[in-house]
Amino acid sequence: MENLVSSWCNSVKSVPKDYVFPVDARPGDQIVPILTNCPVIDLEKAVSGDRNDVIRQVLQASQDCGLFQVINHGVSEDLIKDTMGIVKEFFDMPNEEKASLYSLDLRKSCRLYTSSFEYAKEPIHLWRDVLKHLCHPLEEWVDLWPQRPSKYRDVVGEYSVELRNLSLKILEMIREGLELEPGYFRDELTNVQTLLLSHYPPCPDPSLTLGIVKHSDPYIITTLYQGNMCGLQVMKDGQWAGVEPIANAFVVNVGQLLKVISNGKLESVEHRVVTNSKEPRYTIASFIGTHSNTVIEPAKALLEKDGGPVYRAFTYKDFLQANREQRGDGEATLKVFKIKG
Ligand SMILES: O=C(O)CCC(=O)C(=O)O
Ligand SMILES: [Fe+2]
């Protein structure tokens, strides 16, 4: 518990050495430009306007960038505001109130921890604390969630259901755009939902530290709310670029499993989080993924047009093992399953 960055960061004037990244991995003092070709897609137009045009935008952005933002997505501003309020309240509670949730046991379905999944083994720690828990189906998991703040279960429960629905709505557009058969993203492929609440406290020297190292998400699809705080950066054409925070918009991120399903057509962009010295940053990520025995493979409907699969079939369990062996390096992990030639 005393390892939580928030427990000690106010009492240090400089970054402890086990939080200082090597020169080639740290952000440094370089000024990072804002990502320019990351479209902001108005989802309401899929209902009131030309649905096919919205599908085309979603597909294009997923191919070019692997990331886009959505507005008019149907999740109410009040719910977003209330959820963000609860997340801040949770992290700001005294440690005694959170102690029962703190755990190093990776099998726990709801746990508070700091840095990555292997604090004891990692050479450098991340400047973040996180609460991670399963969400779907809600009634199976909600009793394991925090009891305080008292509204946590109600508000975050509603938020997670809405975010699951939004993710499935976007996946349906991707399915149509790729011309996969109806029901392709059936329950089996999308029945695990995880919520990751992150707290990145202010850091005395953001040039030395990272909130998350470069990675791509090992899931189907991610929807992230980053409020009005910068910090998320993506690797585009060999350079880092910042994802502009837009009030009430969600950042949508193609996961590595969706890249495989699309036979490599969609991009799963590498990203990282940098810290800042002024204000804490809080984010809420909803990941849609699957169970360990599910088989992931390029969609059969694409194979004829593509002249065969780019990746071999694998179980999600095998994928996670490869991901661990490659220390979270997204490209190296997908290479393990790539068909040569
Ligand atoms: O907190 C953020 O801005 C991004 C989080 C993220 O990339 C992740 O948890 O995979
Ligand atoms: Fe991520």
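For ligands, and for the atoms within them, numbers begin at 1 and follow the listed sequence.
The closest side-chain donor-acceptor pair between Asn323 and Thr333 falls under 3.5 angstrom. Side chains of Asp92 and Tyr282: a donor on one and an acceptor on the other come within 3.5 Å. With 3.5 Å as the limit, one finds no donor-acceptor pair spanning the side chains of Glu188 and Thr290. Side-chain N/O atoms of Thr114 and Asp129 include a donor and acceptor closer than 3.5 Å. Looking at Glu122 and Ser116, their side chains do bring a donor and an acceptor atom within 3.5 Å of each other.
Residue His271 has at least one nitrogen or oxygen atom sitting less than 3.5 Å from a nitrogen or oxygen atom of ligand 1, judged on distance alone. By the 3.5 Å distance cut-off applied to N or O atoms, Arg128 is not counted among the residues near ligand 1.
The atoms of ligand 1 that sit less than 4.0 Å from any heavy atom of Phe287 are 8 (C), 9 (O), 10 (O). For ligand 1, the atoms sitting less than 4.0 Å from at least one non-hydrogen atom of Leu196 are 9 (O), numbered in the order shown with element in parentheses. Here is the list of ligand 1 atoms found below 4.0 Å of a heavy atom in Asp217: 10 (O). In summary, the atoms of ligand 1 found under 4.0 Å from a heavy atom of Tyr200, numbered by their order in the structure, are 1 (O), 2 (C), 5 (C).
Residue contact annotation: Arg281 has a non-hydrogen atom under 4.0 Å from ligand 1. Distances from ligand 1 to the non-hydrogen atoms of Gln226 include no value under 4.0 Å.
Closest N/O/S atom of Asp217 to the Fe ion (ligand 2): OD1.
Between Asn3 and Tyr119, the closest side-chain pair of non-hydrogen atoms falls below 4.5 Å.
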*Taking it one step at a time, do Ser7 and Asn95 satisfy side-chain hydrogen bond (donor to acceptor under 3.5 Å, both in side chains)?*
CA-CA 8 Å; Ser7 302; Asn95 273 356; 3.0 Å; yes
*Test side chain to side chain contact (heavy atoms under 4.5 Å, CB included) on Asp205 and Ser277 and set out the steps.*
CA-CA 7 Å; Asp205 189 347; Ser277 59; over 6 Å; no
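In terms of protein heavy-atom proximity, atom 6 (C) of ligand 1 is nearest to Ile212 CD1, 3.4 Å. In terms of protein heavy atoms, atom 4 (C) of ligand 1 is closest to Val273 CG2, 3.6 Å. Here the heavy atom of the protein found nearest to atom 10 (O) of ligand 1 is His215 NE2, 3.0 Å.
Heavy atoms of Asn253 found under 4.0 angstrom from ligand 1: none, in either backbone or side chain.
Considering His215, Lys236, Gln233 as possible partners of His271, the one that fulfils the side-chain hydrogen bond (donor to acceptor under 3.5 Å, both in side chains) test is His215.
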